[in-house]
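Comments concern the structure below.
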Amino acid sequence: MSLLPLLDSSLLGRAEKPAFEFDRAGASRLFLKFGDFEARSNRVAHALRARGLKRGDRLAFFLQNRPEVIDLWLAGVKLGLVIVPVNVLYRERELKHILADSSPTAVVTSRDMAGFLPTGATHWEVDELTADAAAKPAVRIAEPCGADTPLSLIYTSGTTGASKGAVLTQGNFAANGATLAAEWRFTGEDRYLATLPLFHVHGLANGIHCWLISGCHLRLTERFESAKAAEWFDDYRPTVFFGVPAMFVRLLELPPEQARAIGARLRLAVSGSAPLPAEVHEKFRQLYGSVILERYGMTETLMNVGNPYAGERRPGTVGLPLAHVAVKICDPAGAPVAEGTPGELWVKGPNVCSGYWQRPEATAAAWCDGWFRTGDIGVRAGDGYITLQGRRSDLIISGGFNIYPREIEELLLEQAGVREAAVIGAPDPVRGEVPVAYVAVDAAKFDEVATVAHLRTQLASFKQPRAFVRVEALPRTALGKVQKHLLPRP
Ligand code: MLC
Ligand code: AMP
C-alpha cells in the first residue's frame with residue numbers, strides 16, 4: 001500500500017474543504033484548505049529539488065510544530081525523500097549522533113534553534129526555504145513510489161546501545177494511518193486538536209495521517225501547554241484528542257463544569273506512548289464523562305495494539321491487536337507462552353519498519369522469523385486483552401519521552417570526580433517517571449553545580465537527572481553488574 005493515493009483523497013479530493021488552523025506568534029491565525037497543502041508541498045518539493053535533493057536523500061527537520069513541517073513531510077512523500085524528524089529538546093551530543101548517523105543533505109530549522117546544531121551542520125532556515133518555495137510552481141511533481149519506499153528515519157534507542165534510526169516506509173505509514181482512521185471511525189466532520197510533537201510517531205504517524213486520510217479538520221499548536229489547554233478546548237471544540245499520559249494528568253486540573261462540557265463534545269480521547277495509570281483513566285471518566293482509549297505502539301512498529309472503539313476500554317490494559325497486526329507473547333526462547341503468563345511481545349504486520357538504518361546486526365538481533373521483538377513484557381488475558389508489565393531493558397519514559405539510562409550514565413562517568421554512576425526512573429505524578437542519578441564520587445574533584453550545568457548543554461531537558469544521590473559505591477553482583485533494584489529509593 002503506497003501512501004500518496006490515500007492522502008490524495010484529501011489533497012486532491014477535498015481541495016476546497018477547510019483543513020487546518022494554526023496560531024502564529026505575532027501574526028494572525030493561519031487557516032488552510034486541503035488544496036493549499038497540495039500546492040504548498042508541491043512548491044516545497046520544487047524548491048528541494050532545485051537544492052539538489054533526490055529520491056532516497058535524507059532531509060532532517062529540527063522544528064517546533066508548525067505547518068511547514070507538514071509541507072516538508074508531504075514534499076518528502078512526493079519526492080521519495082527520507083525525512084529525519086529530530087526532537088526539539090535534543091542538544092549537542094544527541095544531535096551530533098543523529099546527524100552523523102543519518103548524514104542528511106541538510107537540517108531544516110528555525111533561526112532561533114539553529115544555534116543548538118553542532119558546528120558545521122548544514123542547515124536551511126525554514127523561512128528562507130518557504131520564501132524560496134513561494135516562487136516555485138504549484139504543479140505537482142511526484143516520483144513513482146511504492147509501499148517499500150523509505151519515507152522516514154526516526155531515531156530510537158531500541159532496547160540497547162546507541163540511538164538507531166528505524167527505517168519506516170511509505171507502506172508503514174499508509175497501513176498505520178488507514179487502520180487507525182478506520183478503527184477509530186474518523187470522519188470528515190471530526191475536529192482534531194493536535195498538540196503532540198510532530199517529531200515523534202504519535203503526533204506524526206497517527207495524528208497527521210488520520211487527519212489527511214479522513215479529511216477532518218486539524219488545529220495544530222506549537223506544543224502542549226497545560227496553561228492554555230482549557231482555552232484551546234473551549235475555543236476549538238475538538239471531537240478528537242491524542243495525548244501522552246502526562247497531558248491527561250494535566251487535564252485533570254480543569255474545573256469540573258468546564259471539563260464536563262469539553263468531554264461532551266469529545267468523541268475520542270486516545271492515550272499512548274507510556275502507561276496510563278488506571279486511576280487517571282477513572283478520574284478522567286468521572287470528570288469528563290469520556291472513556292480514554294489506550295493503545296500501544298513503538299517507533300519501529302507504529303501502532304500495534306489498542307482498546308476497541310466499540311466495546312470495553314479496559315483501564316490498565318492496551319487492549320487487542322489492531323487490524324492486520326499479529327502479536328505473540330513469547331518466552332526467552334521464542335516459544336509462545338500460555339494465557340496469563342508474562343512474556344515478550346513479538347509483532348508482525350505491514351506497520352513494522354524494515355530495519356535499522358545501516359545496522360544489520362541490530363536488525364538481525366531485533367527480528368526473528370519475520371517477527372519484531374518489541375522488548376516489552378506483557379500478558380494476555382483469556383479474552384485477548386493485553387496488559388503491559390514492563391520492559392526487558394531499563395528504559396525510563398518521562399512525559400512520553402524515552403530515556404536510556406546508559407546514555408546519561410556514560411556522560412556522568414566522563415565528568416571530573418565521578419567514579420561510578422547509575423540512573424533509574426523515580427515515580428512522578430505527572431510525567432510518570434523522572435531520571436535520578438546515583439553517583440559515587442571523589443568529593444574533592446566532583447562539582448555538582450558544574451556537572452549539572454554541563455549536562456544541560458549536552459542532553460535534552462527531559463533527560464536531566466532530577467536529583468543526585470551520593471552513594472559510597474554502587475551495589476554490584478559478584479560479577480560486577482550493577483544491581484539497580486538495590487539502590488536506596490530517593
Ligand atoms: C516539552 N518541553 C518542551 C517541549 N515539550 N520545550 C520546548 N518545546 C517543546 N515542544 C519541555 C519543557 O521545557 C520542560 O522542560 C519539560 O519539557 C516539561 O514541560 P512542561 O511545560 O512542564 O509540561 P508538562 O506538563 O510536564 O508536560 C510535558 C509534555 C511533554 C507532555 C508536554 O512531555 C511532551 O510533549 N510529551 C510528548 C512526548 C511524545 O510525543 N512522545 C511520543 C513518542 S512516540 P524542563 O526543563 O522543565 O523539564 C512513542 C510510540 C507511541 O512512544 O506509542 O506513541
Ligand atoms: P518509542 O521508542 O518512543 O517509540 O517508545 C515505545 C515504547 O513506549 C514502547 O516500547 C513501550 O514500552 C512504550 N509504550 C507505548 N505505548 C504504551 C502504553 N500504552 N503503555 C505502556 N507503554 C507504552
Side-chain angles (χ1 to χ4, degrees), residues 62-66 85 87-91 112-113 116 154-159 163-164 166 168 176 180 194-207 221-229 242-251 253 270-278 281 292-307 315-319 344-345 347 351 353 372-378 386-404 428-435 455-456 459-466:
F62 182 53
L63 290 168
Q64 291 281 11
N65 286 354
R66 50 191 289 163
N87 188 323
V88 294
L89 298 168
Y90 282 174
R91 292 297 172 260
D112 56 325
M113 288 172 58
F116 292 123
I154 309 192
Y155 276 79
T156 162
S157 294
T159 45
S163 178
K164 300 182 272 289
L168 288 147
N176 182 70
L180 298 186
T195 67
L196 284 160
L198 296 179
F199 49 75
H200 274 319
V201 301
H202 195 167
L204 179 68
N206 299 7
T221 69
E222 192 174 274
R223 52 170 298 209
F224 179 82
E225 288 172 82
S226 53
K228 292 191 184 162
F242 294 172
V244 294
M247 295 176 180
F248 289 102
V249 173
R250 294 289 191 203
L251 291 175
E253 290 161 15
V270 178
S271 175
S273 312
L276 180 74
H281 191 281
I292 296 173
L293 187 159
E294 183 173 4
R295 67 24 171 212
Y296 153 67
M298 287 184 87
T299 299
E300 289 95 329
T301 64
L302 306 180
M303 300 305 112
N304 293 319
V305 178
N307 274 277
T317 80
V318 289
E344 184 186 0
L345 272 71
V347 300
N351 53 311
C353 77
F372 176 75
R373 307 179 54 168
T374 64
D376 289 309
I377 307 296
I386 294 172
T387 302
L388 296 181
Q389 296 186 324
R391 291 186 57 90
R392 247 180 1 183
S393 72
D394 53 2
L395 169 75
I396 301 168
I397 305 183
S398 186
F401 289 121
N402 287 3
I403 303 169
Y404 283 85
D428 180 82
V430 176
R431 296 184 193 167
E433 294 178 287
V434 289
L455 257 52
R456 287 227 164 261
L459 291 173
S461 61
F462 57 89
K463 296 182 190 170
Q464 303 300 325
R466 298 288 141 168

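Numbering of ligands and ligand atoms starts at 1, following listing order. Predicted model, so just to flag it, every value in this text is computed and none were measured.
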Counting only nitrogen or oxygen atoms and a 3.5 angstrom limit, does Tyr296 reach ligand 1?
no
Under the rule for side-chain contact (heavy atoms from CB on, under 4.5 Å), what residues qualify as partners of Glu253, not counting sequence neighbours?
Arg250
N/O separation below 3.5 Å, Arg295 to ligand 1
yes
Would you check the N or O atoms of Arg456, main chain and side chain alike, for any that come under 3.5 Å of an N or O of ligand 1?
no
Numbered atoms of ligand 1 (with element) below 4.0 Å of Gly400, judged on heavy atoms
38 (C), 39 (C), 41 (N), 42 (C), 43 (C)
Can you check whether Gly272 has an N/O within less than 3.5 Å of an N/O in ligand 1?
no
So is Phe401 close enough to ligand 1, meaning a heavy atom under 4.0 angstrom away?
yes
Judged by heavy atoms only, the candidate from Val249, Val201, Asp428 nearest atom 50 (C) of ligand 1 is Val201
Would you tell me which option among Ser273, Gly399, Ser226 has the nearest heavy-atom contact to atom 42 (C) of ligand 1?
Ser273
May I ask whether atom 27 (O) of ligand 1 is less than 4.0 Å from at least one protein heavy atom?
no
Answer yes or no for Thr374: is there a heavy-atom contact with ligand 2 below 4.0 Å?
no
Please state whether Glu253 comes within less than 4.0 angstrom of ligand 1, counting heavy atoms only.
no
For Leu196, the ligand 1 atoms whose distance to one of its heavy atoms is below 4.0 Å:
40 (O)
For ligand 1 and Arg223, I'd like to know whether there is a polar contact (N/O to N/O, distance under 3.5 Å).
yes
Check contact between Arg295 and ligand 2, using heavy atoms of the residue and a distance below 4.0 angstrom.
yes
Relative to each other, are the rings of Phe401 and Phe199 parallel, tilted or perpendicular (30° and 60° limits)?
parallel
For atom 14 (C) of ligand 1, the option (of Glu222, Lys463, Arg431) bearing the nearest heavy atom:
Arg431
Heavy-atom distances under 4.0 Å decide this one: backbone, side chain, both or neither, for Met113 against ligand 1?
neither
Can an N or O of Ser273 be found at a distance shorter than 3.5 Å from an N or O of ligand 2?
yes
Ligand 1 versus Gln64: contacting region, heavy-atom distance under 4.0 Å
side chain
Indicate whether atom 18 (C) of ligand 1 is within a distance of less than 4.0 angstrom of some protein heavy atom.
yes
Should the proximity of Ala274 to ligand 2, defined as any heavy atom under 4.0 Å, be assigned to the side chain, the backbone, both, or neither?
backbone
Relative to the heavy atoms of Pro197, which atoms of ligand 1 are at a distance of less than 4.0 Å?
35 (O), 37 (C), 40 (O)
Protein non-hydrogen atom below 4.0 angstrom of atom 30 (C) of ligand 1 present:
yes
At under 4.0 Å between heavy atoms, what of Asn402 touches ligand 1? The answer is neither
Is any N or O atom of Ala246, backbone or side chain, closer than 3.5 Å to an N or O atom of ligand 1?
no
Below 4.0 Å, non-hydrogen atoms only: which portion of Gln464 touches ligand 1? Side chain, backbone, both or neither.
neither
